[in-house]
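A note on names: the letters A, B, ... follow the listed sequences, proteins ahead of strands, and every chain is numbered from 1.
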Amino acid sequence: MDLLQGLNEPQRAAVTHSDGPLLIFAGAGSGKTRTLTHRIAYLIQNGVSPHRILAVTFTNKAAREMRERLENLVGGVAKRMWLGTFHALCAQMLRIHGERIGLNPRFVIFDSDDQLRLMKEIVKDLNLDTQRFPPARMLGKVSDAKNELKTPEILASTATRPHERIYATIYQNYQRRLREQSALDFDDLLVEAVRLLKESPESLEHWSERFQHVLIDEFQDVNEAQFQWAQMLASKHKNICVVGDDDQSIYAWRGADIKIILDFEKNFPDAMVVRLEQNYRSTQNILDAAHGVISHNFGRASKQLWSEEKGGEPLVLHGALNAQEEALWVVRRIETLRREERFSLDDFAILCRVNAQSRPFEEAFLRNRVPLRLVGTQRFYDRREIRDVLAYLKFIYNPDDAISANRLINVPPRGIGTATVQKLENLAIEQGRSLGALLLDPETQKALSPAVARKIEPLQRLLLQIFAEANAVKTVADLLEKVLERTQLLDFLAGEKDGETIDRVANVEELVRAAEYFDLRMAEDVLETGETTDVWDESDPLRLGLFLGETALEGGTDKDAESDEAVTLMTLHAAKGLEFKVVFLVGLEEGLLPHARAIWGENAGDEQLEEERRLMYVGLTRGEKRILMSYAAQRTMHGRTESTQPSQFLNEIPGYLLQREGLAAQIGPRIVQNRSTSWGGYGGSGYGGNYASNRANLNDLPRPQTSSAPSFAGAKTEKSGDKPPTFRIGDKVKHGSYGDGLVVAASLSGGAGEWVEVAFLGEGIGKKKLIVAYANLEKAA
DNA sequence: ATGCACGTACTTTTT
DNA sequence: GTACGTGCAT
């Protein structure tokens with residue numbers, strides 16, 4: 001099979017590059033996955049054993065898709081590759097070698113719900129005010145630290161402000177509690193995998209020797225931990241191939257660091273760089289609009305998409321009165337487009353910034369009887385009833401898991417409330433054992449008051465019975481059925497009267513099916529490898545653990561993803577990587593896109609604004625044939641109706657590409673005169689919008705009382721720990737080719753470090769944005 | 001211990 | 001508007 005057939009020049013170069021680091025800038029719609037899969041197939045065709053290839057993605061979906069496409073190219077041998085998400089692959093490595101760094105191989109993975117429960121306990125135990133230290137935000141702090149591979153000790157030693165010390169203490173306690181129950185959270189999977197490679201030379205030797213080729217997808221989204229992990233795995237053979245697009249980096253809030261892709265050539269000086277700029281998806285008009293927007297970002301790797309598909313329809317911009325009218329307009333437009341241009345409902349996508357925008361669309365589509373499919377709203381495995389059942393399985397797998405023990409202790413309700421639980425926990429601390437160990441020990445009852453003992457007695461019997469039966473069970477599905485039977489959880493759910501009963505029962509049944517499917521896959525693996533083991537036999541803890549790992553790491557099946565023809569509604573984040581013939585970008589307003597937090601939130605700054613712009617770019621580049629955009633002049637949020645301004649990004653689309661409708665047609669060529677008046681707060685004019693060094697950790701200060709009027713009290717103070725800016729607003733500067741100028745905006749926060757905007761004095765030069773590190777710029781006297 | 005009612009605060013995106 | 005947390009009554 002000729003793997004090079006149908007590939008363009010740069011794609012071929014990427015596929016055939018033999019040894020050494022390779023960086024592929026793959027613009028939207030440039031055939032990225034095709035290039036990556038063909039490269040892997042090409043490696044295999046040229047004698048590299050699939051067993052020695054590691055391919056990493058961010059999402060399970062991407063991993064599945066890649067595997068599928070690879071199997072089409074090279075057949076079943078693709079199964080022998082290590083291909084999966086960062087988290088899944090790290091978990092796998094830790095199951096195999098984790099003991100070398102002191103991890104219990106039966107560790108459970110805490111997902112976000114477990115994490116939050118644990119964090120709530122920590123904050124409470126430390127007697128901290130949950131208003132000033134909201135558990136969810138504390139989790140974010142911990143996650144940030146982990147993404148940068150900072151231990152609690154490091155955080156403590158670098159803490160200067162009282163708040164920071166508290167964060168470090170919280171992190172420390174959180175981490176201790178995790179380890180006490182042999183639990184790892186999502187971030188731990190990466191952190192510990194890195195630690196394994198650093199602290200166990202044999203492990204590093206083993207894995208880095210094994211992986212002749214390491215390939216990473218969506219490289220613009222990696223964080224420090226992920227990067228180090230990949231780098232170490234590739235340290236032996238130096239064959240690290242990364243694919244990404246800095247313009248589509250939209251996960252900075254999750255620790256993704258765009259600098260890692262931008263600095264790749266610095267880290268690997270001998271890297272070959274390939275740019276995929278030919279776009280096979282969109283019309284040139286769409287690409288021009290997208291380029292108009294994204295080119296307002298800087299510190300980006302320079303590139304521009306082009307298409308052989310010249311021209312195309314203009315982009316439509318509609319101004320609606322409010323969100324209801326906006327939704328109605330979308331429905332009508334879809335109906336006419338379908339009639340006139342014979343599109344299928346599956347060809348349409350509505351992309352929004354936040355899930356909260358979906359309601360008016362659901363209503364409008366329902367009323368007009370147009371099927372609408374919502375994607376990615378709630379993860380299947382996150383549903384309460386599913387988590388209740390899973391708590392039992394997790395507890396069976398690892399009785400030290402106190403969060404699961406706590407969860408199942410009174411589900412279904414058996415009269416054990418906080419008071420009783422408190423007594424048990426005290427006893428656990430007294431005896432230095434876990435809550436689970438107490439629950440499973442018949443002796444425990446003797447140590448309790450008769451009243452408490454009577455309460456937990458039935459629970460204890462139930463658990464012991466389930467544990468005894470679990471030993472005899474052969475599959476995860478059987479175990480699950482046993483748990484359901486003994487706990488009568490289904491009866492409990494069926495008896496609840498909150499309107500969701502039917503869904504809940506159906507969901508649990510769906511979980512049983514997921515388990516059956518898992519067992520089936522396991523059985524197939526056994527056929528291939530010749531190994532057999534019982535589900536949760538001590539000799540192989542991997543089976544049940546593997547299933548639980550999947551429930552934590554995979555969202556679960558999108559229930560109606562592949563149902564009948566329907567229009568798709570999802571967030572811009574969820575849309576990355578997808579394409580649709582017709583894309584509606586809705587809610588294009590200041591405050592929504594760009595999101596309020598990026599313009600007038602506590603940490604607002606250019607970094608955030610640029611990420612919002614990339615979101616807009618991602619949205620635009622999803623469209624193949626048509627882009628239709630809309631905004632509402634009034635929008636109700638938090639129960640309050642406010643008038644809004646159209647998004648500033650609309651100004652960045654060349655006017656000749658736009659066809660205006662509704663309010664947008666009445667207003668005239670320029671849409672936004674003044675960026676941010678209608679929200680109150682500061683008037684936008686004085687700051688020129690670009691001054692971002694007010695990031696002086698405003699998040700560490702008490703929150704301002706009003707959410708709409710941010711306090712700029714700290715705006716002029718520099719964050720103490722940061723390196724000082726070279727240039728400040730008002731500085732006179734001299735540039736190598738542009739001559740003298742005045743700094744009008746400055747920030748330390750661009751993708752490529754410090755940048756300034758300079759108004760040059762010379763005729764016809766005007767204002768330029770410059771990256772300090774690259775520009776030939778110096779201070780003038 | 002449980003359930004209800006009220007008040008409050010909150011809202012981005014998710015592996 | 002909703003979801004959650006708190007406080008009260010059963």
Side-chain angles (χ1 to χ4, degrees), chain A residues 56-63 84-91 109 111-113 115-116 120 124 130-131 134-137 139-140 143 146-147 185-190 217-218 221-223 225-226 249-256 323 351-360 363 375-379 381-382 384 409-410 412-422 451-452 455 496-498 549-550 552-556 570-576 587 591-599 601 603 608 611-612 614-615 618-619 635-641 703 705-708:
Chain A
V56 196
T57 63
F58 270 86
T59 65
N60 295 295
K61 199 170 146 222
T85 65
F86 278 101
H87 297 271
L89 294 166
C90 286
I109 298 168
D111 58 32
S112 14
D113 187 71
Q115 288 175 46
L116 192 61
K120 280 179 181 163
K124 212 157 79 202
T130 51
Q131 302 288 296
R137 203 175 303 169
L139 276 178
S143 180
K146 290 183 178 180
N147 287 158
D185 68 14
F186 285 129
D187 299 317
D188 280 338
L189 293 171
L190 290 154
D217 194 17
E218 306 279 15
D221 287 334
V222 298
N223 60 38
Q226 289 160 332
S249 162
I250 54 176
Y251 286 105
W253 51 274
R254 237 171 68 193
L351 308 184
C352 53
R353 176 67 239 259
V354 299
N355 282 125
Q357 280 171 264
S358 67
R359 189 162 300 271
E363 284 164 8
V375 173
T377 35
Q378 208 198 359
R379 279 169 33 127
Y381 291 126
D382 281 345
R384 192 207 73 199
I409 212 162
N410 201 30
R414 36 177 85 92
I416 305 177
T418 45
T420 310
V421 173
Q422 195 54 55
V452 178
K455 283 239 169 95
E496 277 187 316
K497 34 185 190 283
D498 63 352
E550 282 190 14
L553 296 173
E554 299 205 19
M570 64 183 135
T571 64
L572 288 160
H573 283 88
K576 196 172 78 164
L592 214 40
L593 187 73
H595 193 275
R597 293 170 89 105
I599 332 175
N603 299 320
Q608 294 212 7
E611 181 141 320
E612 297 292 314
R614 290 192 289 267
L615 271 172
V618 165
R635 189 172 290 275
T636 306
M637 283 179 108
H638 328 317
R640 207 171 260 294
T641 303
R703 300 197 68 197
Q705 287 308 300
T706 54
S707 58
S708 58

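As rounded to whole Å, 12 Å separates atom P of B/dT11 from atom CE of A/M637. Between A/H573 atom NE2 and B/dT14 atom C1' there is a gap of 9 Å when expressed in whole angstrom units. Nucleotide B/dT14 holds its C1' atom 11 Å from the CG atom of A/D187, rounded to whole Å. Taking atom CG on A/N355 and atom C1' on C/dG1, their separation rounds to 15 Å, with Å as the unit. Residue A/E363 contributes atom CD, which lies 11 Å from atom P of C/dG1 at whole-angstrom precision. Taking atom CD1 on A/I409 and atom P on B/dA1, their separation rounds to 12 Å, with Å as the unit. Regarding A/K61, its NZ atom lies at a distance of 14 Å from the C1' atom of B/dT14, rounded to whole Å. With rounding to whole Å, A/E611 atom CD is found 13 Å from B/dT14 atom P.
A/A419 comes within 4.0 angstrom of the backbone, heavy atoms only, and of no base. Among the heavy atoms of the strands, none lies under 4.0 Å from A/D221. Contact annotation for A/T636: no contact, since no heavy-atom pair falls under 4.0 Å across all strands.
When the nucleotides C/dT2, B/dT2, B/dT14 are ranked by their closest atom to the side chain of A/R359, C/dT2 comes out on top. Nearest to the side chain of A/N410, among B/dT14, B/dT2, B/dA1, sits B/dT2. Side-chain proximity of A/K455 to B/dT14, B/dT11, B/dA1: nearest is B/dA1. The side chain of A/T420 lies closest to B/dA1 when the candidates are B/dT11, B/dT13, B/dA1.
For A/E612, the salt bridge (Lys or Arg N to Asp or Glu O under 4.0 Å) partners are A/R353, not counting sequence neighbours. For A/R414, the side chain to side chain donor-acceptor pair (under 3.5 Å) criterion is met by A/Y392, not counting sequence neighbours. Shown here are the side chain to side chain donor-acceptor pair (under 3.5 Å) partners of A/R254, two or more places apart in sequence or in another chain: there are none. Remark: A/T59 pairs with no residue by the side chain to side chain donor-acceptor pair (under 3.5 Å) rule, at least two apart or across chains. For A/N410, there are no side chain to side chain donor-acceptor pair (under 3.5 Å) partners two or more places apart in sequence or in a different chain.
Annotation: the span from A/T571 atom OG1 to A/I250 atom CD1 amounts to 8.0 Å, rounded to 0.5 Å. Taken to the nearest 0.5 Å, the NZ atom of A/K120 stands 10.0 Å off from the CG atom of A/L139.
Taking the nucleotide of DNA chain B with the nearest heavy atom to each of A/P413 and A/F186, the more 5' of the two is matched to A/P413. When each of A/R414 and A/H87 is assigned the nucleotide of DNA chain B with its nearest heavy atom, A/R414 is the one assigned upstream, toward the 5' end.
A distance cut-off of 5.5 Å between ring centres, combined with a plane angle under 30°, places A/W253 in a stacking arrangement with the base of B/dT13.
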Within the sub-3.5 Å range, which N or O atoms of nucleotides 3-5 of chain C have a protein N or O partner, and how far apart are they?
unit_1: C/dG5; atom_1: OP1; unit_2: A/K120; atom_2: NZ; d: 2.9

> For A/R597 and A/W253, what are the C-alpha separation, side-chain angles and deciding distance, and is it a side chain to side chain contact (heavy atoms under 4.5 Å, CB included)?
Replying inline: CA-CA 12 Å; A/R597 293 170 89 105; A/W253 51 274; over 6 Å; no
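Phosphate proximity of B/dT14 to A/S143: absent, as no side-chain N or O sits under 4.0 Å from OP1 or OP2.
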